[in-house]
Each structure stands twice: as C-alpha cells, then as structure tokens.
Amino acid sequence: MLENFLLGLNTVMDPSVFVYAVVGVIIGQLIGVLPGIGAITAISLLLPVTFHLDATTSIIMLAGIYYGSQYGGSIASILLNLPGTPSSVVTCLDGYPMAQKGQAGKALFITATSSFVGSCIGVGIVIMAAIPMSIFALKFGAPEYASLVFLGLLAATMIATGSQIRSLAMVALGIFFGLIGSDISSGAYRFVLIPEMADGISLVSLAMGLFGLGEVIKNIGQKKRRAIDVKITLKDILPSRAEAKGLVGPLLRGGGSGSFFGALPGTGAAIASFMAYAIEKRVSKTPEKFGKGALAGLSGPEAANNAAAQTSFIPTLTLGVPGDAVMALMIGALILNGVIPGPNLMTNEPALFWGVIASFLIGNIILFAINLPLIRFWVMLIRIPYNKLYPIVILMISAGVYSHRNSVVDVIMTLMFGVLGYVLRRYRFEAAPVLLGFVLGPMLEENFRRTMLLYGGDFTVFLTRPICAVFTGLAALIIAFSIFSTVQKGKANRSV
Amino acid sequence: MSIKLRIALPILAALAAPVFAADYPEKTIRLYHGFGPGGNADTVARIVAEEMSQGLGQPVVVESKPGAGGTVASDFISKADPDGYSLQLMVGGHSVAAALYNELPYDAKEDFTFISTIGKFPFFAATQAGAFDDMADLVAQAKEKPGSIKIGHAGVGSTQHLSGELLGLLSGAEFLHIPYKGGAAASTALLGGEVDLMIDAGTSTRGQAEAGTFDILGVTSGERWDDATDVPTISETVAEGYDVLSWTGLGGPAGLSDDVVATLSAEMARVMALPSVQEKITALGAKPSASTPEEFRTLVETQIGVWTTVVKDAGVEKR
C-alpha cells in the first residue's frame, strides 16, 4: 500500500502534473467562495482543456476543483449568511452567529482547520479502505436507502433550535418543494406549471434564496452595517486550548460520518454535513448553544462535507459508477482520454489511480496553506457597508444560479425563495429543515416506492435485511426517546 | 427624393439584404443542448464546437438548457431566429419525446432543420457476470415466471426504458421495469444485484464487461455492431426485428437558408473526418457518422414512428 501511495506521490510531484493540481484547487476555492456557482459548472467549462491533457492530469485538476470548492463554500456562509455551496448551508447555522459576535476570524480558522482534518480523514479512508467501502456501498439497495433516509428525516427535526412542531412544519414544506417535478416512479408531472419545472426546483435556487437572499432582504432597510468589532489578531483567531480540545470529538465524528455518506452513491456532501450537525447536537452537553455559535456545530459538519468530497471518489474510482453529476463528469473526462473506468482501473492504471489519491493529500495541504493567510482578507469584507455590498451580492447570486442550468426561471425562483426566506425569518421559522426536507423527502419516496416495487409490497424487508434493521431500530429509538422526553417536559411545564 | 430618404434608403436596403453565405458566420454561434453539463450531449457538443470554431472562424459556444427530457431546449430552438446563430446538438431523445409527450410546444419534425448526424450508437443488454447463459436463457426465465426478471433503467420515458419495453413486446416475455435516476444509478443497482438486467450505452456497460463484472448478452442494433462483432444482436436471438440505435446530430430551427445549411453541412463533413474527433466520438461508444440533411430527417421520422408504437403498445403513461 505504501509502495502504491509513493507511486502516486511520484506522479503528482511531476511538475507538469503538479501545476494542474494547484490550478484545480485554486479554481475550486474561488468557485466555492462565489455564491451559487458550483463545481459542476466550472468543471464542464474546463472539460475541453482536458482534451489536450492526459487522463491523470485531467482528473487531478478536475478533482481539485471539486474538493477545493468545499473549502471556499464556508467563507460567505460565515461572513454573510450566504452559503457558497448547498453543503455549506449548515456552516451558516453557527458560523454566522459567530461572525456577528465579532468572531469571524476564529470561525474561519476553525472551518479551514476542520476542512483540512476532515479531508485528511477522508483521504485516509480512501487509501486504506477504498475496496471494502465500495463493496459495503453496493450492499445498499433501495430498502437500505429508504430506512437510512427515514432516519435522516427524523434527525432533521433536531437541527432546528426552536420548537419541534415548527421545524416539523418546515421539513414538510421542504418535502413539498422536493416533490415538484417529474415523479420518478411513473414519470408523471407534479405541480409542473411550466416546462422548466419538469425536473424540479433546483437545490441551488432554494438554498441561495432562503439563506442568502432572505438575509439580504432582512437587512435591506439598514443603511449601515451594524458596527461589528472585528478582531484579527492571531490571539483572536486561534481557539483557546479548552476550545481546541472540545473540537477533537466533532472532527473525528464529522470526518467519520462524512466519509460514510460520501462513499454511498446517491448521498453526498450536503447530506453529510446536515447529518454531522444533527449528530453533534445530539451528543452535545450543551445543545442549546447550537445555532448561536457553537464551535462543534461549525467544525463537525465542515469536517464531514470535506471528508465526503474525498470519499465520493470511491465508487467512481473502484467501481466505475459515478455517485453524482460531478463524478459523471470525471468519468466522462476519463473516457475521452481513452481510459475506461471500471473495477479494473486500479490494476490497469495504478499511476492514475494512486496519483489521483495522492493529489488529494497534496491539494488539501495547498488549500489549507492558502486559506490561513486569506482569513485576514476575508474578515475585512465584513466592514463593507450593506448598501455597497448587497447589490454585488444579489448580482453574484443571480449569475451563480443562472449558470447552473442557463435558466432565467431559476433566477426568478431564487428571488421568490428569497422573499419566502425573509417571511420565515420574520416569523421565527428556521430555513435549514426546509432544505433537509427538500433533499431527503424525494429520496425517501423514490427508495421506498422502489422497495415496494422490488419486493412486491412486502414491508418486512425493513426488518429482515440486516442493515435496514439497524436503521429502523435507531429510528424507533429516536421516536421513543423524543416521545418520552416530551411527556417528561409536558409534566414539568405545560409548554412544548 | 428628399435628403432624408436618400440617406434612409441605402440603410434600409442594407438592412433588408439577405445574409449571403459568404458572410456566414460573422458572429458567435451558440450551440444549445437539452441536458446537464457533463452528459453525453454536452460532451459531444464540446468536441464538435471546438473544431467548428476553428473551421468557421467564429467562436461556437456550447450552452446547456436542460429540462423535461431535452424538450426545453428543443422548444427554445424551434422558436429561435433561423439565422444560423442558434443551433442545437440533438440526441435520440428528440424522437422519443415526440412519441412520449401529449402536447409538445413544438412539432418535432416540421419546426427543425436537420443538418447532419454526428454519432450513432446502440445499447447493450448487460447482466451480472454468470447470472444467465445468454439472451435466450434470460427470456426463457422471464417467460417461466412473469415479472421475476427485473430491468433497471435510467428513468421512465428514457430511451433505455423504452428499449426494455420493446424487448418485452417483441420477445413476448413480461419484465419488471425498475426506474432509477439516471443510468449510473441503474449500473450501481445491477452491480449490487438489485436488478437483473440493464440496457444502456456501451460507456456504462462495456467497461464493466471488460473487468468481468458484467456479461453482455446482446446489442440493440439490427445488425451486429462493428467493434463488438462477437456480441449477438437481440434481434437474432430473442426478439426478431429489434433495432434500436440512438444518435447525436446537429440541427437548428426550421427555415435555415440553403446557404447556411450548405456551409454547416460542409463544415460537419470536415469535422467528422478529423481523426481526433472520430477518436473521441468512438471513445464515447458511438460510430462517427456524418450524414446529409435528408438522411438525418428520415432517421428522426422513422424513430418517431417506432417509439410512438412502443409507447402505445407497452402502455407507457404519456405526459
């Protein structure tokens, strides 16, 4: 294994390859910072460039864009409550409150570090366990996904800080938005008012609208930014010894759970970060601090989405099946260079396989190194007054959302979700559960209905298949626990 | 003649003058397609656009307008100015959509100019390695226990799905069709053993077969495929008359002037003869095949006929 990894390092350290690794992660970082523009847009624009490169260099560059964007995504989340990518929505929850308390520098430092640690955990798992992970992932059929997603939806209600009823309502609203579009089981249209809605609402529209634009509208009346005392001395940026100690758990849990979700085809960085947040809140001794600037709520999910970005290469590299659209692009680039991705990739093209994996490590070191000095620069953004900043932000959101499908409809929808985001804020509903419902609801439906189709309507598969049984059992425990604690609370005081 | 008119007339005349082929193209050409970035259509569009930019001396920019199985882009092109600056990278789905949708905002035959096909490709019927002896064995098992053989496909109304339905219709066996979100998810399901069969492009089936994880039992084309002559056709084994080919091609709105069509046609012939382009199209699992506008139109019309019959006979829900 070490020998293989050294072969990979050797490949990456070749200057002609190394340059493209650096170019990739820097583009990725930029893409991540700009709200709305996703890695997929950048990768497809750069695809023709790869016609002139060899397969290994192409993939190393494109991969760099992808995981690099996971770093940049959190920056606008923390500073402006404006997620750069859907997976950094979770970063808004505790990162933005920290920035408002004048701790933007510290929040940025923690996310950069967590991203790096999470990535390293992910890369470590790719190096040591790519094959077993891919075999395990193949055990996930429709019933397993259905029960896992059901568990995830239960966890969704725990993300919110306020009342469970309110967050349930928001999850339901999210599921409703998610159901718009073509029904996957029959192809029938649901709530499709115009053809542009046939493929459903775009996650980017929803995320940018509810979070970014909603925040803009909320603050639009203010002429001047509320003076936030920004501290950027080293002492203010570094977490204290006690704080750092408290981050070890979240980092390991986030990196671990993120690696798991990343390796499953069909789930990705966004789900990984939400789940990590739910886990951290569950295990925390001070769950009431979540949503108000809890460090664990920042670092766990950040580690998770970066770990997931790395392990999502596992199905692509070991099985030749892409888990999502970005991975499909990678496979496309390989095919165009005459490399057929499949289970033989590792044996037929060891230099490519291990080169890509070694590039993850190198790329992450570069990203970490460029992010730390940039903190000082990012924090200054916070001093720009609203009336100067927001027109630029709105323009960037619109351009970013448009770039995904070249669709004006998506931009208009983003504006409408922006208004909705404002209304929700105004009446103290939280937007995060909407997003989780939106992602998970349709997944639950798809996999549940597929299970019923495959097993002739037999419900017992959720108990008889071992992996399902574990998830179903956990879900039952969560329900039992929350009923129990609600009853207890109800006895203590009559308010829920 | 007043002075005003004397100035205005030549300007008007200049505005009214037809665009001469010699002038075309004199600005950026936009090549639209109806699928997401990175899909087959997008990749083919970028391969062709890169070469066309050089040949025509004007940038050819690829733009993706995804939505509703490619019909959003087709609708857009059908209503675009027929000046040759808005073109479409079309795919086999164009004929499928014409058969599948109750009401399209355009006429799939009359609202388009068909310029040249780019690549043609069959699908391959793949199973887990060792699961079945051959196509006949698979169909025999499906006939013995109707609905026991599960076909995973890329989505309701996709060409892959309809190919599976056609297999059922022509072989007389009853299959259980399981929809997935895209071909990759169906491949994963076949790898994991959740479904028994998938019918999909060579790019997602043949790599697995080379690695020994899949068996390829048949090819959907009417004749054996050039670079896979050892694979029997589905037609010769279990479903006589089975002939499914998908394709990519270059088209535009109806009413493109003959000169523009001639320019583009000649350029496509040049591009398609380039070894570098042929290599890439082949790598994507297709046979590079330039055609005349007439051949392209006939292909589309024939396929609309075939898919209309399949949708009706298999009882696929129209939308």
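Since the structure is predicted, the reported quantities are computational estimates derived from the model, not experimental observations. FYI, side chains are in, hydrogens and waters are out, and symmetry mates aren't considered; it's all heavy atoms of this structure. Numbers restart at 1 for each chain; the letters A, B, ... are given by sequence-line order, proteins then strands.
- Per-residue heavy-atom pair counts under 4.5 Å with chain B were compared for A/Ala198, A/Gly187, A/Ala142, and the maximum is reached by A/Gly187.
- Under the 4.5 Å side-chain criterion, counting only non-hydrogen atoms from C-beta, A/His52 is in contact with B/Glu50.
- Heavy atoms closer than 4.5 Å to chain B are found in both the backbone and the side chain of A/Arg405.
- Highest contact tally toward chain B, considering only A/Ser407, A/Pro343, A/Gly338, A/Pro195, is held by A/Pro343 [criterion: heavy-atom pairs under 4.5 Å].
- If you measure heavy-atom distances from A/Ile335 to chain B, the contacts under 4.5 Å come from both the backbone and the side chain.
- If you tally non-hydrogen atom pairs under 4.5 Å between each of B/Gly182, B/Pro66, B/Ala283, B/Gly155 and chain A, the highest count goes to B/Pro66.
- Top candidate by heavy-atom pairs under 4.5 Å with chain A, chosen from B/Ala211, B/Gly192, B/Pro105, B/Gly69, is B/Ala211.
- Note that the OG1 atom of B/Thr43 and the CG atom of A/Leu336 stand 6.0 Å from one another [nearest 0.5 Å].
- In terms of modelled atom types and a separation under 3.5 Å, the side chain of A/Asn406 and the main chain of B/Ser64 share a donor-acceptor contact.
- The OG1 atom of B/Thr203 lies 12.5 Å from the CG atom of A/Leu334; values are rounded to the nearest 0.5 Å.
- Put simply, of B/Gly285, B/Ala68, B/Gly193, the one with the most heavy-atom pairs under 4.5 Å next to chain A is B/Ala68.
- Other residues, nucleotides and ligands place no more than 12 heavy atoms under 6.0 Å from the NZ atom of A/Lys139.
- When each of A/Asn337, A/Leu345, A/Leu329 is checked for heavy-atom pairs under 4.5 Å with chain B, A/Leu329 comes out on top.
- Looking at B/Ile47, the atoms closer than 4.5 Å to chain A (heavy atoms on both sides) sit in the backbone and in the side chain alike.
- Distance check: B/Lys181 NZ to A/Met443 CE gives 8.0 Å after rounding to the nearest 0.5 Å.
- Contact annotation for B/Lys150: only side-chain heavy atoms (C-beta onward) come within less than 4.5 Å of a heavy atom of chain A.
- Taking every heavy atom of both residues into account, B/Asp42 and A/Ser44 meet most closely at OD2-CB, 4.1 Å.
- Contact between A/Asp199 and B/Gly67 at its shortest, heavy atoms only, is OD2-CA, 2.9 Å.
- Using a 4.5 Å cut-off between heavy atoms, B/His177 touches chain A through its backbone atoms (N, CA, C, O) alone.
- Considering only heavy-atom pairs separated by less than 4.5 Å from chain A, the leading option among B/Leu191, B/Ile281, B/Thr282 is B/Leu191.
- Proximity of A/Glu446 to B/Pro179: side-chain heavy atoms (C-beta onward) are nowhere separated by under 4.5 Å.
- When heavy atoms are compared at a cutoff of 4.5 Å, B/Leu176 approaches chain A solely by way of its side chain, counted from C-beta outward.
- The CZ atom of A/Arg450 lies 5.0 Å from the OH atom of B/Tyr180; values are rounded to the nearest 0.5 Å.
- Interface summary for chain B: among A/Ser186, A/Ala328, A/Pro48, the most heavy-atom pairs under 4.5 angstrom belong to A/Ser186.
- Atom OG in A/Ser185 sits 11.0 Å away from atom CD in B/Glu317 (nearest 0.5 Å).
- The two atoms that bring A/Asn344 and B/Glu210 nearest to each other are ND2-O, 3.7 Å, heavy atoms only.
- Residue B/Phe35 does not touch chain A at all, counting heavy-atom pairs closer than 4.5 Å.
- When every heavy atom of A/Gly342 is checked against every heavy atom of B/Gln208, the shortest pair comes out as CA-NE2, 4.4 Å.
- Across A/Gly141, A/Gly200, A/Ala137, the residue that shares the most heavy-atom pairs under 4.5 angstrom with chain B is A/Gly141.
- Here the CZ atom belonging to A/Phe140 is positioned 12.0 Å from the CD atom belonging to B/Glu194, to the nearest 0.5 angstrom.
- Sparse packing is recorded around NZ of B/Lys312, with 12 or fewer heavy atoms of other residues, nucleotides or ligands lying under 6.0 Å away.
- Heavy atoms closer than 4.5 Å to chain A are found in both the backbone and the side chain of B/Thr188.
- Looking at A/Pro265, only its side chain comes within 4.5 Å of chain B, counting heavy atoms on both sides.
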